[in-house]
Amino acid sequence: MIRAIKGTKDILPEEVGAWQRVESAARALFARYGCREIRTPIFEETQLFARGIGAETDIVSKEMYTFADRDESSLTLRPEATAGIVRAVIEHNLMNEDPALRVYALGPMFRRERPQKGRYRQFHQVDVEIFGVAAPSVDVEVIQIALGFLEAAGLPDYELVLNSVGDAACRPAYVETLRAALRANLATLGPDSQRRAETNPLRVLDSKAPEEQALIESLPKISEHLCDACREHFAEVRRQLDLFAIPYRVDHRLVRGLDYYTRTTFEVTSGALGAQNSVLGGGRYDGLVKDLGGPDLTGIGFALGLERLVMILGAPKAERRCDVFLALLAPAGRDKALLLQRELRAAGLAVLTDHEGRGLKSQMKRADKLQSRFVALLGDDELAKNVWTVRDMAGSSQETIEDARIAAYLKEKANG
RNA sequence: GUGGGUGUAGCUCAGUCUGGUUAGAGCGCCAGGUUGUGGCCCUGGAGGCCGCGGGUUCGAGUCCCGUCAUCCACCCCA
């Protein structure tokens, strides 16, 4: 038997409703914040991600779906959305037309990781990006979009975690300070962290190794090494969050996995996801557009994992799949039934009928399962009198309706 | 890439430790109980190379080895 690829998953009709609700909630909310949708290809030149995300990150070094095209150019299925969007912004000079560009995107991403709870190799993200606004108030606005979306989707409880990772002016010095502190304590670090101490010291901060926790707490904190501009920016972000009474927790160990983040980084976590407790992550990336060959344009955004969100929200109740079920008992009435079906469908009603000559009881059960509001019954008696019997399934009441009125009757009842 | 759990009906799972007639349950599906009426209830039916391959044995769903799949965790992340 041919099965779905490891780490991929069919979204079956039963669960698609939950996805559509979340997606339409996203579109409606983002529109209120002036964001327009952008759709970029799901594969790009490998170089885009290597340069954008950072060659030393785990994503680029070991988790990308990279393959050679027929002309030997290296292509990669996008592991995240931001790089492709930035590429499109630069390529089409979107910032010239709109210096405060707001976009959102929605679609599949690919990372070749070991699957586990809430983590797939093809997963879906909702993504919001705002370009060209450096003011801290836009950081808070983006956070409001993120939290507003979680509320609209119906996520019961979550926690906003916040940090600042500095910028090109102050982070390099901090990284060196941190590296020095780590070198002085190499003995207490595990092999992974020893390696990171050299390659990417920030990543040591979110190590979960129990024996490293005491040391990590004692390491210099980035909040104490921010430059004036970053410190003021972060203070203003926090002040505005307080202004809006948005609860948050500052975690100086929150360093995100992508190299391009500057200043504000944030994450939203929720229980019920096991170890994969992060449902949303984002931050500012003021150097990325320039790094990718564009103008010196600031950016900030977030990405949200739909699988994880849908999983937390749980299974929705079954939906009505039929307004009118046509129960046919007399083969001679088939043409009449099919013509009525066509007319009602043209009027916008969901209509189904039995094609296999099943018994009435069987057809009624089917109508019930589809949660049909009405059953229009056509048997020998009705055929002889040129009428239909219409049953209201919820009220268990029936009426006799003449042929001439049946279509109009059902259209009005089912729409009302 | 590393570690652990689990693979039996469409789905969720008993049965495996202590090997032995035709492998079970609930849900779902189909039909009947009502000459033409759903939900609740009752009855019946269909549907299983017990993941796959090898081994031990008179005999394997059950024990052993391998393999694949899947889940959870680590790493990392949405």
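These numbers were taken from a predicted model, which means no experiment stands behind them. In the text below, chain A, chain B and the rest are named by the order of the sequence lines, each starting its count at 1. All values below were derived from every heavy atom in this structure, side-chain atoms included, with hydrogens, water molecules and symmetry-related copies excluded.
Look at the C1' atom in both B:rU56 and B:rA60: the space between them is 10 Å, to the nearest Å. B:rC27 and B:rA46 have their C1' atoms separated by 16 Å, with the value rounded to a whole Å. Only the P atoms considered, B:rG4 is 40 Å distant from B:rG28, to the nearest whole Å. Comparing B:rG24 with B:rC49, their P atoms sit 15 Å apart, to the nearest whole Å.
Of the residues in residues 74-89 of chain A, not one comes within less than 4.0 Å of RNA chain B through any heavy atom.
Taking the ring centre of A:Phe234 as origin, the terminal cationic atom of A:Arg238 falls inside the region bounded by 6.0 Å and 45° from the ring axis.
With the nearest nucleotide of RNA chain B identified for both A:Lys6 and A:Val255, A:Lys6 has the one nearer the 5' end.
Between B:rC68 and A:Arg3, no contact under 4.0 Å exists linking OP1 or OP2 to a side-chain N or O. Of the side-chain N and O atoms in A:Lys62, none sit less than 4.0 angstrom from OP1 or OP2 of B:rG1. Phosphate proximity of B:rA73 to A:Gln116: present, with a side-chain N or O under 4.0 Å from OP1 or OP2.
The existence of a salt bridge linking A:Arg253 and A:Glu217 is confirmed by a sub-4.0 Å separation between a basic side-chain nitrogen and an acidic carboxylate oxygen.
For residues 144-160 of chain A, the set of pairs meeting the side chain to side chain donor-acceptor pair (under 3.5 Å) definition, not counting sequence neighbours, comprises A:Glu151-A:Tyr158, A:Glu159-A:Arg249. Sorted by first then second residue, the ring pair (Phe, Tyr, Trp, His ring centres under 6.0 Å) pairs that include residues 16-39 of chain A, not counting sequence neighbours, are A:Trp19-A:His124, A:Phe30-A:Tyr104, A:Phe30-A:Phe149.
Applying the Watson-Crick and G-U wobble criteria (two distances, each under 3.5 Å), B:rA31 pairs with B:rU43. The partner of B:rU22 is absent, by the rule that a Watson-Crick or G-U pair needs both atom distances under 3.5 Å. Pairing of B:rG66, defined by two Watson-Crick or G-U wobble distances under 3.5 Å, is identified with B:rC52. The pairing partner recorded for B:rU2 is B:rA73, the criterion being a Watson-Crick or G-U wobble arrangement whose two distances lie under 3.5 angstrom.
Note: A:Tyr285 and A:Phe131 have perpendicular aromatic rings, judged against thresholds of 30 and 60 degrees for the angle between ring planes.
With hydrogens and angles ignored, the 3.5 Å screen pairs no side-chain donor or acceptor of A:Arg78 with any backbone N or O of A:Glu44.
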Do nucleotides 36-42 of chain B as a string where each nucleotide becomes B, S or -: B if the base has a protein heavy atom under 4.0 Å, S if just the sugar-phosphate does, - if no protein is that close.
BBBB---
Given protein heavy atoms under 4.0 Å, the one-letter contact record of nucleotides 3-13 of chain B, with B base, S sugar-phosphate only and - none, is simply -----------
Please tabulate, for the side chains in residues 363-370 of chain A, all donor-acceptor contacts under 3.5 angstrom to protein atoms that are two or more places apart in sequence or on a different chain.
{"unit_1": "A:Gln363", "atom_1": "OE1", "unit_2": "A:Leu328", "atom_2": "N", "d": "3.1"}
{"unit_1": "A:Gln363", "atom_1": "NE2", "unit_2": "A:Leu328", "atom_2": "O", "d": "2.9"}
{"unit_1": "A:Gln363", "atom_1": "NE2", "unit_2": "A:Arg358", "atom_2": "O", "d": "3.0"}

Would you sort out whether A:Arg373 and A:Asp392 count as a salt bridge (Lys or Arg N to Asp or Glu O under 4.0 Å), showing the intermediate values?
CA-CA 6 Å; A:Arg373 299 175 63 192; A:Asp392 179 328; over 6 Å; no
